[in-house]
Amino acid sequence: MAESFDVVVVGAGPAGSAAALAAARGGRSVCLLERGPFPGSKNMYGGVTYPAVLNELLPGWWEEFPVQRWITRRSTMVATPSQSVTVDVQAEEWGVPPYNGATTFRSELDPWLAQKAVDAGAVLVTSTTATALLRGPGGSVVGVRTDRPDGDISARVVIACDGVNSLLAKEAGLYEDFSPKHFTLGAKEVLAFDKEEIDRRFGLMDRQGVDIEMIGVTQGLAGGGFLYTNLESVAVGVVVAVEALGAATLRPEALIDGVKSHPAIAPLLRGGELVEYSAHLIPEGGYDAMPELVADGLLVAGDAGGFCLAAGLFLEGVNFAIGSGHAAGETALEAIARGDTTKRGLSGYERRMRDSFVLADHKKMRRAPHLVLSERVQHRYPALICGIAQDLFTVANPAPKPGLARLLRTHRRRAKVGYGGLARDGVTTWRTFG
């Protein structure tokens with residue numbers, strides 16, 4: 001391993017591999033560090049990827065993409081312990097190129113993308129942890145220290161893609177408020193089934209897949225649930241606020257059991273063989289919780305930069321990781337070519353991100369985390385929505401059918417939802433998603 005590179009990328013996840021690929025394609029020497037024995041070996045992932053971001057980086061990517069299933073059905077479920085209301089969207093267009101979403105395994109996706117960077121000329125170094133930043137005489141970042149003997153690696157630009165709870169971003173002092181309130185914990189189980197049984201239970205064919213997102217299934221804790229179909233397994237789990245989980249007496253596996261036993265979910269999972277359990281922190285604070293992204297000699301991308309869009313209707317991460325990594329790699333090329341890798345010389349990174357979906361989507365939906373995790377959305381609106389829906393479709397002859405206005409009044413009182421709160425949340429929802 002050479003001791004000096006133009007660019008050192010720390011972390012061979014989607015963000016790091018995209019950064020390394022972009023920089024290596026530009027003709028620069030690139031070292032891609034990965035602390036696991038291979039890329040994707042240590043990653044917990046829920047698992048829907050929206051890979052259209054690869055159109056520019058890897059045209060025709062779907063011809064070799066390591067897909068489990070293409071998501072052709074997307075459901076959003078609002079629930080109480082005994083009820084559920086689901087908005088279900090199915091689109092045949094999502095099952096043909098260029099596709100929309102896909103379930104993937106990180107143990108397959110990450111090595112595939114990292115190999116693209118290696119094919120472009122990057123040097124992949126595994127089983128190696130970056131333990132600290134190296135500083136030059138003026139304090140600028142000039143490389144990383146690793147846990148290998150004599151393992152210092154110098155670089156003109158370091159790109160930190162070392163994930164949520166980024167050691168390098170924290171050491172650089174880029175987090176203004178690194179607080180548990182900005183993080184959730186994702187926990188999941190993977191249940192094995194025959195492919196034919198998954199197809200039968202979910203009404204699927206070939207590589208079609210289902211993504212179900214849920215609110216109201218986390219037993220009073222702020223968060224949500226999810227269910228994704230893989231080719232021969234189903235992932236089911238929860239995402240809950242770290243502070244709420246820390247104050248509760250429930251463990252994540254008990255919350256998952258609650259999702260699995262919900263009457264709308266239990267028939268889909270009955271008889272599955274548990275083959276995996278895992279948990280992982282998620283940077284869910286959104287735009288206002290992001291660290292600074294640029295310092296002298298340093299860029300931050302992927303989960304290390306807080307690029308996870310947890311906005312209720314939209315739950316995305318890998319696409320933002322790839323987009324931010326690609327932008328970081330191109331920025332490094334530009335700065336090195338100009339001979340200016342100071343914070344000012346690397347400032348094109350934020351411009352690229354503002355001009356793309358990465359920061360544009362996060363900025364537009366900056367209110368979403370607070371709204372989605374609010375007490376009303378989490379606990380009151382599920383009862384309101386499910387109550388109205390149940391009474392609306394209950395035939396109670398000889399009594400006449402109630403009007404929606406009457407049902408709203410009745411269930412609004414039961415759920416203790418005031419008109420003022422409804423109005424405020426309505427305005428916030430429109431400003432966020434409108």
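Atoms considered below: every heavy atom in the structure, side chains included; atoms not considered: hydrogens, waters and symmetry mates. Everything quoted here is computed from the prediction, not taken from an experiment.
No salt bridge links Asp119 with Lys116; every basic N to acidic carboxylate O contact stays at or beyond 4.0 Å. Salt bridge annotation for Lys343-Asp296: absent, with no cationic side-chain nitrogen under 4.0 angstrom from a carboxylate oxygen. Looking at Lys170 and Asp162, no side-chain N of the basic residue comes within less than 4.0 Å of a carboxylate O on the acidic one, giving no salt bridge. Between Arg352 and Glu334, at least one side-chain N (NZ, or NE/NH1/NH2) sits under 4.0 Å from a carboxylate O, which counts as a salt bridge.
Here the closest non-hydrogen pair linking Val238 and Val259 is CG1-CG2, 3.6 Å. Closest heavy-atom contact between Pro369 and Gly285: CG-O, 3.8 Å. The minimum heavy-atom distance between Asn165 and Phe178, with the atom names listed, is OD1-CZ, 3.0 Å. Heavy atoms only, all atoms of each residue included: Ala160 and Ala304 are closest at O-CB, 3.8 Å. Looking at every heavy atom in both residues, Ala332 comes nearest to Ile159 through CB-CD1, 4.4 Å. Shortest non-hydrogen contact noted between Gly36 and Ser41 is CA-OG, 3.5 Å.
Thr331 OG1 to Leu346 CG: the interatomic distance, rounded to the nearest 0.5 Å, is 7.5 Å. The distance from atom CH2 of Trp94 to atom OG1 of Thr72, rounded to the nearest 0.5 Å, is 8.5 Å. Between atom CG of residue Leu113 and atom CH2 of residue Trp61 there is a gap of 12.0 Å, rounded to the nearest 0.5 Å. With values rounded to the nearest 0.5 angstrom, Ile212 atom CD1 is found 7.5 Å from Thr86 atom OG1. Rounding to the nearest 0.5 angstrom, the gap separating the NE2 atom in His182 from the CD atom in Glu243 is 9.0 Å. Distance check, rounded to the nearest 0.5 Å: CG of Leu54 to CH2 of Trp62 gives 10.0 Å.
Test Lys363, His362, Arg366 against Asp288 for side chain to side chain donor-acceptor pair (under 3.5 Å) and you get one pass: Arg366.
Thr146 and Thr128 share no donor-acceptor pair across their side chains, judged by distance under 3.5 Å alone.
Between the Asp6 side chain and the Ser29 main chain, a donor and an acceptor come within less than 3.5 Å of each other. Under the 3.5 Å distance criterion, the side-chain polar atoms of Glu284 are left unmatched by any main-chain donor or acceptor of Thr184. Side-chain atoms of Arg28 do not come within 3.5 Å of backbone N or O of Gly329 as any donor-acceptor pair. Not a single donor-acceptor pair under 3.5 Å links the side chain of Thr428 to the backbone N or O of Asp425. Under a 3.5 Å cut-off, the side chain of His262 and the backbone N or O of Thr80 do form a donor-acceptor pair. Side chain of Ser140 to main chain of Gly136: no donor-acceptor pair is present (N/O by atom type, distance under 3.5 Å, no hydrogens or angles). Between the side chain of Ser107 and the backbone N or O of Gly40 there is no donor-acceptor pair closer than 3.5 Å. Here the side chain of Gln378 pairs a donor or acceptor atom with the backbone of Val372 at under 3.5 angstrom. Side chain of Glu350 to main chain of Val294: no donor-acceptor pair is present (N/O by atom type, distance under 3.5 Å, no hydrogens or angles). Side-chain atoms of Arg69 come within 3.5 Å of backbone atoms of Gln208 as a donor-acceptor pair (strictly under, hydrogens ignored).
Counting heavy atoms of neighbouring residues, nucleotides and ligands inside a 6.0 Å radius, atom CD of Glu375 exceeds 12 of them. The 12-atom threshold is not exceeded at CD of Glu56, counting heavy atoms of other residues, nucleotides or ligands nearer than 6.0 Å. With a 6.0 Å radius and a threshold of 12 heavy atoms from other residues, nucleotides or ligands, Arg73 has its CZ atom above the threshold. Heavy-atom neighbours of Arg251 CZ from other residues, nucleotides or ligands within 6.0 Å: at or below the threshold of 12. The number of heavy atoms from other shown groups lying within 6.0 Å of CZ (Arg351) is above 12. The 12-atom threshold is exceeded at CD of Glu276, counting heavy atoms of other residues, nucleotides or ligands nearer than 6.0 Å.
Proximity of Val142 to Ser154: side-chain heavy atoms (C-beta onward) are nowhere separated by under 4.5 Å. Considering only heavy atoms from C-beta on, Val67 stays 4.5 Å or farther from Tyr99 through its side chain. No side-chain heavy atom of Leu250 sits less than 4.5 Å from a side-chain heavy atom of Val240. Within the 4.5 Å cutoff, the side chain of Ser278 has heavy atoms near those of the Lys188 side chain. In this structure the side chain of Ile265 reaches within 4.5 angstrom of the side chain of Met77, judged on heavy atoms. By the 4.5 Å heavy-atom criterion applied to side chains, Val318 and Leu109 are counted as neighbours. At least one side-chain heavy atom of Phe183 sits less than 4.5 Å from a side-chain heavy atom of Val164. For the pair Lys195/Asp199, a side-chain contact is recorded, criterion being any heavy-atom separation below 4.5 Å from C-beta on.
By the 30° and 60° cut-offs, the orientation of the rings of Phe65 relative to Trp112 is perpendicular. Ring geometry for Phe357 against Phe320 counts as tilted: the plane angle lies between 30° and 60°, on a 0 to 90° scale.
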Salt bridge (charged side-chain N to carboxylate O under 4.0 Å, His left out) between Asp257 and Lys260, intermediate numbers included: CA-CA 5 Å; Asp257 285 342; Lys260 290 161 57 181; 3.8 Å; yes
Where do Thr229 and Phe193 land on the side chain to side chain contact (heavy atoms under 4.5 Å, CB included) test, with the steps shown first? CA-CA 10 Å; Thr229 56; Phe193 296 90; over 6 Å; no
Would Leu298 and Leu174 count as a side chain to side chain contact (heavy atoms under 4.5 Å, CB included) if you check the C-alpha gap in whole Å, the side-chain angles of each, and the deciding distance to 0.1 Å? CA-CA 10 Å; Leu298 177 67; Leu174 300 183; 4.0 Å; yes
For side chain to side chain contact (heavy atoms under 4.5 Å, CB included), just list the numbers for Arg148 and Val125, CA-CA rounded to whole Å, side-chain angles, deciding distance to a tenth of an Å, and then say yes or no. CA-CA 11 Å; Arg148 292 186 174 222; Val125 181; 3.5 Å; yes
Can you check side chain to side chain contact (heavy atoms under 4.5 Å, CB included) on Phe5 and Val123, steps first, answer last? CA-CA 10 Å; Phe5 293 83; Val123 176; 4.1 Å; yes
